[in-house]
Amino acid sequence: MFALANPHRFLSYSRVLTPWAGGLAAVLLLVGLVWGLAFAPPDYQMGDTVRIMFVHVPSAWMAMAAYTFMASASLASFIWRHSLADIAARAAAPLGLGFNFLALVTGALWGQPMWGTFWVWDARLTSFLVLFFFYIGYIALWEAIEDPHKAGRAAAILAIVGFINVPIVKFSVDWWNTLHQPASLIKMGAPAIHWTILTPLLIMVAAYTALFVALVLMRMRTEIFIRQIHRLQISTALDTEAPALG
Amino acid sequence: MGEFFHMGGYGAFVWPAYLLSAGVLAFMTATTLRAYNRHKRLLHHMEDGGPEN
Amino acid sequence: MDEQDSQRHMSVTQWDMQSPASSWRAFLALVRRDLRLATAQGAGGLQVVVFFAVVVTLIPFGLGPDLPLLQAIAPGLLWVALILASLLTFDRLFQADFEDGSLDGLVCGPLSLEGIVLAKACAHWLTNAAPLIAATPVLALLLNMDMGVLGFLILTFLVGTPGLTLIGALGAGLSVGVRRAGILIALLVMPLYVPVLIFAIGAIEQARRTLDAGGGLDLLEPNALFLTAASLVAGLVGVIAAAAGLRLHISG
Amino acid sequence: MTGQGDFELVGQGLACARGGRLVLDGVSFAARAGAPLVITGPNGVGKSTLLRVIAGFLDLAGGRLLFKAPSVQEEAPPAAKHIHYVGHLDGVKSALCVRDHLIFWARYMGAEPCSVDAALDAFGLTRLAALPGAVLSAGQKRRVALARLLLQERPLWLLDEPAVSLDKAARAILRRVITNHCANGGVVLVTSHESLEIPNAVDLTLSPPPQRPAT
């Protein structure tokens with residue numbers, strides 16, 4: 001009734017899946033890198049800075065994808081009290097934070113040649129900054145509560161509230177952006193991307209996604225080990241207690 | 001090859017972006033692997049060697 | 001009380017606990033107790049106002065005494081200072097009752113967890129947000145704010161702070177039992193405060209423009225409506241999620 | 001006194017998990033009016049957890065909990081309005097005086113204010129009524145927490161280590177209050193380490209559950 005059979009099933013599946021995902025990620029990264037850096041033509045307008053797009057867009061995409069993954073895992077864990085979903089959400093959060101950080105920094109590096117400053121309060125970049133704070137808050141909540149089960153449910157509540165908040169933040173930041181900077185900036189994503197740039201871009205996005213899958217599976221396995229260690233520690237504490245009292 | 005590194009004058013932005021991306025991805029992978037192995041060993045240790053040591 | 005009538009059988013308590021009357025009485029009792037507790041411990045509201053004043057007074061030292069500049073950014077400064085001041089006060093909201101066990105007693109009463117959150121948030125609003133709003137006109141003088149805009153600013157405070165308080169309650173509810181949860185709560189609620197802040201400042205800028213153009217205040221213009229909506233949504237989500245957080249920690 | 005119309009709390013194979021571990025498993029008991037149930041067992045075996053499950057703070061992971069009341073036909077778990085729960089902690093605010101404390105709880109529970117004086121008398125707190133919680137001793141705070149039981153007549157009492165830090169006189173008061181409540185047809189469950197010498201009490205000893213795979 002309380003047995004969590006699937007962690008064992010998950011452990012066996014992930015044992016097979018993780019190396020494959022890791023290998024795929026490595027190959028795709030290599031291909032995407034070489035193609036993007038060496039063969040893709042410079043953009044007529046942005047020149048070679050367009051190559052930054054090959055690392056910026058995938059990390060921005062992964063920051064949002066990881067967030068969606070985390071929020072849906074949290075929803076599953078909150079509704080069906082599915083502790084494997086807890087573990088998935090916790091495993092994804094630091095990765096999402098890493099990708100979000102990359103998205104912000106590469107975005108700034110891309111922005112400098114175009115806008116003349118590293119940071120511009122562009123609607124998209126600002127939304128990513130808010131998401132960045134959300135990730136830190138989410139991870140901090142996990143770390144702050146000792147009991148992993150309680151932490152899981154508290155983080156799930158936060159993730160669900162955060163998920164409701166995303167469209168509101170998106171709308172308010174866009175609103176705020178048009179309010180203070182009527183001058184329209186060069187839209188970051190060029191309208192129609194030529195296939196010579198689009199293909200390496202898609203390869204890099206696939207590479208980042210494969211890497212995310214490999215890492216999240218690995219972190220989930222680690223989290224399962226941590227929970228088992230936690231349980232062993234409690235039961236040893238109790239076993240040494242109970243027999244002593246007879 | 002110089003031309004390649006010059007990146008049409010934007011080398012100062014393209015290369016840091018790539019180096020940083022590689023660095024962060026490597027860091028994420030490394031920490032994930034290290035945590036995995038450390039806890040795996042700790043768990044086996046606790047299951048076989050018993051809790052005291 | 002019932003020694004003399006030991007034969008009388010105890011019946012299931014006659015009054016219906018969940019009736020609106022008894023819940024409302026419990027709600028008021030809890031608000032009154034929290035107000036008593038807040039004012040008993042050295043006028044809690046005063047500390048918040050002092051911090052608010054410190055933040056607002058420091059700013060001219062940082063930005064220079066350029067009055068037109070200060071006047072231009074005054075609404076934003078006052079809003080941010082208000083948020084900072086109120087963020088300091090949420091970590092003790094449920095922690096005190098959780099630590100000394102009275103939260104269990106409250107749960108065995110007629111109020112649902114959501115009712116308890118709402119009652120405590122009301123008491124918190126009265127002892128923290130209300131003094132802050134009352135102190136705003138004085139501080140607005142330091143920033144050379146125009147009276148008309150000040151009036152509208154206070155209106156946005158009155159509309160926005162209920163939402164902010166309930167989001168703060170959400171942060172407090174999630175982090176009950178965590179030592180030194182102050183910073184954690186600030187981190188948790190920050191993304192949720194952004195929309196309320198943006199719409200509030202938008203509404204004030206809009207009001208400033210209509211005032212400069214000599215027009216009357218239009219309370220139904222988009223910014224003001226978005227602010228009200230954001231505050232209501234924040235309040236609703238805050239109550240439900242804070243209660244879920246408390247339920248989680250009670251069953252811990 | 002134990003007519004057919006009395007209250008009764010029945011637990012059948014109760015199981016409860018905390019932090020992913022089964023703390024209680026297969027706990028069964030029947031607590032009838034007039035016979036307080038004293039729950040004993042080693043530390044961490046789940047005595048408090050059992051009371052918190054009955055009070056509704058914790059969800060049941062298994063088993064059934066039924067509360068039979070004379071006027072209620074179908075059997076259902078006890079509702080909050082049936083329960084007085086006094087946990088380990090006293091819930092005494094240092095800034096409120098004893099009387100204000102009980103006045104708040106009376107108002108909160110919807111009891112008549114006059115019950116406050118009766119509760120103060122019963123637990124010998126009348127002299128301390130005006131003192132703030134900060135100056136009270138542990139025993140006095142415990143009596144203030146227990147005085148809440150008399151503010152409103154509720155059939156089911158769940159007392160977690162009620163006698164902790166109580167002196168002999170206070171224990172006698174506690175015994176008298178419990179026996180009086182039982183005489184009225186109420187049900188009392190008490191967890192305790194030392195024996196409370198409550199007349200016709202029934203013992204329930206909990207033992208750590210065998211660890212079913214609750215990974």
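Every chain is numbered from 1 and lettered A, B, ... according to where its sequence line falls, protein lines coming before strand lines.
- A/L109 touches chain B through backbone and side chain together, each having a heavy atom under 4.5 Å away.
- A distance of 5.5 Å separates CD of A/Q228 from CG of B/L43, quoted to the nearest 0.5 Å.
- The contact between A/L215 and chain B is made by backbone and side chain atoms together, counting heavy-atom distances below 4.5 Å.
- Side-chain contact between A/R51 and B/Y18 is present, with at least one heavy-atom pair separated by less than 4.5 Å.
- To the nearest 0.5 Å, the span separating CG on A/L211 from CE on B/M28 amounts to 6.0 Å.
- Note: A/F101 CZ to B/S21 OG = 9.5 Å, rounded to the nearest 0.5 Å.
- Taking non-hydrogen atoms and a 4.5 Å limit, the residue list of residues 13-20 of chain A in contact with chain B is empty.
- Looking at A/L33, only its side chain comes within 4.5 Å of chain B, counting heavy atoms on both sides.
- Across all their heavy atoms, A/V55 and B/A17 have their closest contact at CG2-CB, 4.2 Å.
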For residues 126-134 of chain A, tabulate all N or O donor-acceptor pairs below 3.5 Å that involve a side-chain atom, not counting sequence neighbours.
unit_1, atom_1, unit_2, atom_2, d
A/T126, OG1, A/D122, O, 2.6
A/S127, OG, A/A123, O, 3.0

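- For the options A/V105, A/I224, A/T222, heavy-atom pairs under 4.5 Å to chain B are most numerous at A/T222.
- B/H39 contributes atom NE2, which lies 10.5 Å from atom CZ of A/R219 (distance to the nearest 0.5 angstrom).
- Taken from CG in B/L25 to CG in A/L95, the straight-line distance is 10.5 Å, to the nearest 0.5 Å.
- Expressed to the nearest 0.5 Å, how far CD1 of A/I226 lies from CZ of B/R38 amounts to 7.5 Å.
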side-chain contact (heavy atoms from CB on, under 4.5 Å) evaluation trace for A/I52 with B/F13: CA-CA 8 Å; A/I52 299 179; B/F13 305 106; 3.9 Å; yes

